[in-house]
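Along the sequence shown, residues carry numbers from 1.
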Amino acid sequence: MFHHVKELQFNARVSKPDPRFATLLLEQFGGENGELAAAMQYFTQAFAAKQPYPDKYDMLMDIATEEFSHLEIVGATIQMLLKGVNGELKDAADQSEIMEVLNGKAAKENVIHQALVNPQFGVLSAGGPRLTNSQGIPWCSSYTHSNGDLTVDLRSNIASESRAKLVYEYLMQFTDDPYVKETLSFLMTREIAHYEMFEAALESIKPNYPPGVLQADPRFTNQYFNLSQGESFRGPWNEGDMPVTGKSWDYIEDPITHVKNTEGLQDQEKGIEKELKATEKLNKELSKAKSAEVTGAQPKGVAQWSDYNGKGKK
């Protein structure tokens, strides 16, 4: 159940019209890293989390709803940046505040041109924001990632918040309006806050590595193949111990020779059989545990999503 409150979460303000920046800001309205994409991603992920992780379901729904609030802030800002473009275009350019920030006929005609080549602000929506990115490409559900495994979804969310934060950081470089910058800074900061929330939620799930259920094949886990010619570099990604498993990296200096000598990686070191058996055993144990985690949380008999004051059917 959603309940709309007409006040914005953050009081967005604009000092003057700016149709060009309004076009750029559409990237966070209907773009692949925008607020709608985030809202729908967390919203859809929440359903699979409801029974096995009711606490994470609550978090995902809260953050998804906040992302809808941010979409509202972005839409309101776009609308205010288009003040004067919402009526008849030439009359608006002649009579509105737009002329206060322009110098001469050339600048006026440029604003008119900008509005006309972005039909979502003119012919199609009469100045209202549409669910497109800054190039007018419609929003697409393929922008969202929902894999049904919470550890995978949370990692996707951490990446999504990182990308969105960066887009706001870039957008702030294209406006001189202090009020707009203030709004963008708020939205950028909330991306960081959500990043922390998802990181904490992921850490609370044990085990959470590797993503999913099945373990990695120990024969192929720790090899680093030097597959690019030229100067090579060494670092914690290919020398010393692996950061999570603690196994030692095996740096393959000459991958072609190594593949030939091992007959396509089939002839591996001796003694790996014991580790393979341990991996197979762990796969079976985790598979049963994860399956029981989901099926055990499902109610018997009639399925009911909500329990109103504990009076739901048993």
TODO: Find out whether M59 and H194 are in side-chain contact, i.e. whether some heavy atom of one side chain is under 4.5 Å from a heavy atom of the other.
DONE: no
TODO: Check step by step if side chain to side chain contact (heavy atoms under 4.5 Å, CB included) holds for H145 and V152.
DONE: CA-CA 9 Å; H145 302 278; V152 176; over 6 Å; no
Task: Other ILVMFWY residues reachable from L286 by side-chain steps of under 4.5 Å - done: V213, L282
TODO: Return each pair, listed once, that meets ring-ring contact (aromatic ring centres under 6.0 Å, His included) where at least one residue sits in residues 153-177; pairs must be two or more places apart or across chains.
DONE: none
- [ ] With the side chain counted from C-beta on, respond yes when T132 and W139 share a heavy-atom pair under 4.5 Å apart, and no when they do not.
- [x] no
Task: Inter-residue atom distance Q173.CD - L24.CG, 0.5 Å rounding - done: 11.5 Å
- [ ] Could you tell me whether the side chain of L60 reaches within less than 4.5 Å of the side chain of F198, counting heavy atoms only?
- [x] yes
- [ ] Test T262 against D267 for side-chain hydrogen bond (donor to acceptor under 3.5 Å, both in side chains), laying out the working first.
- [x] CA-CA 5 Å; T262 60; D267 184 14; over 6 Å; no
Open item on the list: Check whether D153 reaches the backbone of N147 with its side chain - one donor and one acceptor, N or O, closer than 3.5 Å.
Closed with: yes
TODO: Just do the side chain to side chain contact (heavy atoms under 4.5 Å, CB included) check on D18 and D176 with the steps written out, would you?
DONE: CA-CA 10 Å; D18 189 346; D176 295 322; over 6 Å; no
Open item on the list: Are the side chains of N226 and I252 in contact, using a 4.5 Å heavy-atom criterion?
Closed with: no
Open item on the list: When you group the ILVMFWY residues by side-chain heavy-atom contacts below 4.5 Å and let the links chain together, are F220 and Y251 in the same group?
Closed with: no
Open item on the list: Under the salt bridge (Lys or Arg N to Asp or Glu O under 4.0 Å) definition, can you give me all pairs with a residue in residues 197-220, not counting sequence neighbours?
Closed with: E203-K206, D217-R219
Task: Residues clustering with I256 (ILVMFWY side chains joined when closer than 4.5 Å, directly or via others) - done: none
Open item on the list: Quick check for you: to the nearest 0.5 Å, what is the distance between E239 atom CD and Y224 atom OH?
Closed with: 10.5 Å
Task: Exam field: side chain W249 to backbone P236, donor-acceptor pair closer than 3.5 Å - done: yes
- [ ] For A37 and G31, work out which heavy atoms get closest and say how close.
- [x] CB-O, 4.0 Å
Open item on the list: Suppose we screen for salt bridge (charged side-chain N to carboxylate O under 4.0 Å, His left out). Which residues come up paired with K247, at least two apart in sequence or across chains?
Closed with: E275
Open item on the list: Would you say Q41 and S160 are linked by a side-chain donor-acceptor pair, where the criterion is simply a distance under 3.5 Å?
Closed with: yes
- [ ] Might you point out which heavy atoms bring L150 and A49 nearest each other, and give the distance in Å?
- [x] CD1-CB, 4.3 Å
Task: Value rounded to 0.5 Å, distance of CZ in F68 from CZ in F43 - done: 6.5 Å
Task: S291 (side chain) donor-acceptor with K288 (main chain) under 3.5 angstrom - done: no
TODO: Name all pairs fulfilling the salt bridge (Lys or Arg N to Asp or Glu O under 4.0 Å) condition that reach into residues 139-151, sequence neighbours left out, sorted by first residue then second.
DONE: none
- [ ] Indicate if Y42 and L71 have the same hydrophobic cluster label, given that clusters are the connected sets of ILVMFWY residues with side-chain heavy-atom separations under 4.5 angstrom.
- [x] no
Open item on the list: Between T175 and L171 (side chain of the first, backbone of the second, donor and acceptor by atom type, cut-off under 3.5 Å), is there such a pair?
Closed with: no
Open item on the list: For T279 versus A216, what's the shortest heavy-atom pair and its separation?
Closed with: CG2-O, 3.6 Å
- [ ] Compare all side-chain heavy atoms of Q9 with those of I73 and state whether any distance is below 4.5 angstrom.
- [x] yes
TODO: Using the test salt bridge (charged side-chain N to carboxylate O under 4.0 Å, His left out), find all partners of E169 that sit at least two apart in sequence or belong to another chain.
DONE: K165
Task: Heavy-atom side-chain proximity of L36 to F29 below 4.5 angstrom - done: no
TODO: Considering non-hydrogen atoms only, spot the tightest contact between I78 and P129 and give its length.
DONE: CG2-CB, 3.8 Å
Open item on the list: Are the side chains of Y179 and K16 in contact, using a 4.5 Å heavy-atom criterion?
Closed with: no
TODO: Identify, with sequence neighbours excluded, every residue that meets ring pair (Phe, Tyr, Trp, His ring centres under 6.0 Å) alongside F21.
DONE: none
Task: N283 side chain to Q215 backbone, donor-acceptor under 3.5 Å - done: yes
Task: Those residues that, when tested against E280, pass salt bridge (charged side-chain N to carboxylate O under 4.0 Å, His left out) (two or more places apart) - done: K284
TODO: Starting at CG of N33, measure out to CD of E191 and round the result to the nearest 0.5 Å.
DONE: 9.5 Å
Open item on the list: Tell me whether M40 shares a hydrophobic cluster with V167, the cluster being built from Ile, Leu, Val, Met, Phe, Trp, Tyr side chains joined at under 4.5 Å.
Closed with: yes
Open item on the list: Regarding Q223 and H258, do their side chains bring together a donor and an acceptor under 3.5 Å, going by distance alone?
Closed with: no
- [ ] Give the cluster check for L154 versus M61: same hydrophobic cluster or not, with ILVMFWY residues linked at side-chain heavy-atom distances below 4.5 Å.
- [x] no
Open item on the list: Enumerate the side chain to side chain donor-acceptor pair (under 3.5 Å) contacts for residues 45-57, please, sequence neighbours excluded, ordered by first and then second residue.
Closed with: Q45-N157, Y53-E293, K56-S204, Y57-W305
Task: Atom pair CE (M172) and CG (L187), whose distance is rounded to the nearest 0.5 Å - done: 10.0 Å
Open item on the list: Between H70 and F186, is the ring centroid distance below 6.0 Å?
Closed with: yes
Open item on the list: Keeping E27 on the side-chain end and S134 on the backbone end, is there a donor-acceptor pair under 3.5 Å?
Closed with: yes
TODO: Give a yes or no on whether Y195 and I205 share a hydrophobic cluster (residues Ile, Leu, Val, Met, Phe, Trp, Tyr; joining criterion: side-chain heavy atoms under 4.5 Å apart).
DONE: yes
Open item on the list: Please check: side-chain N/O of Q135 versus main-chain N/O of I137, any donor-acceptor pairing under 3.5 Å?
Closed with: no
Open item on the list: Could you check whether S248 and D241, counting side-chain N and O atoms only, form a donor-acceptor pair closer than 3.5 Å?
Closed with: yes
Task: Side-chain donor/acceptor of R234 to backbone N/O of N238, under 3.5 Å - done: yes
Task: Non-neighbouring partners of E66 that pass salt bridge (charged side-chain N to carboxylate O under 4.0 Å, His left out), sequence neighbours left out - done: R190
Task: Listed once per pair and sorted, the salt bridge (Lys or Arg N to Asp or Glu O under 4.0 Å) pairs that draw on residues 177-189, sequence neighbours left out - done: R13-E182
Task: Closest approach of P210 to L214 (non-hydrogen atoms, all atoms of both residues) - done: CG-O, 3.5 Å
- [ ] To the nearest 0.5 angstrom, please state how far the CG atom of L26 sits from the CG atom of L131.
- [x] 9.0 Å
Open item on the list: Any heavy-atom pair between the side chains of D62 and M197 that's under 4.5 Å?
Closed with: no
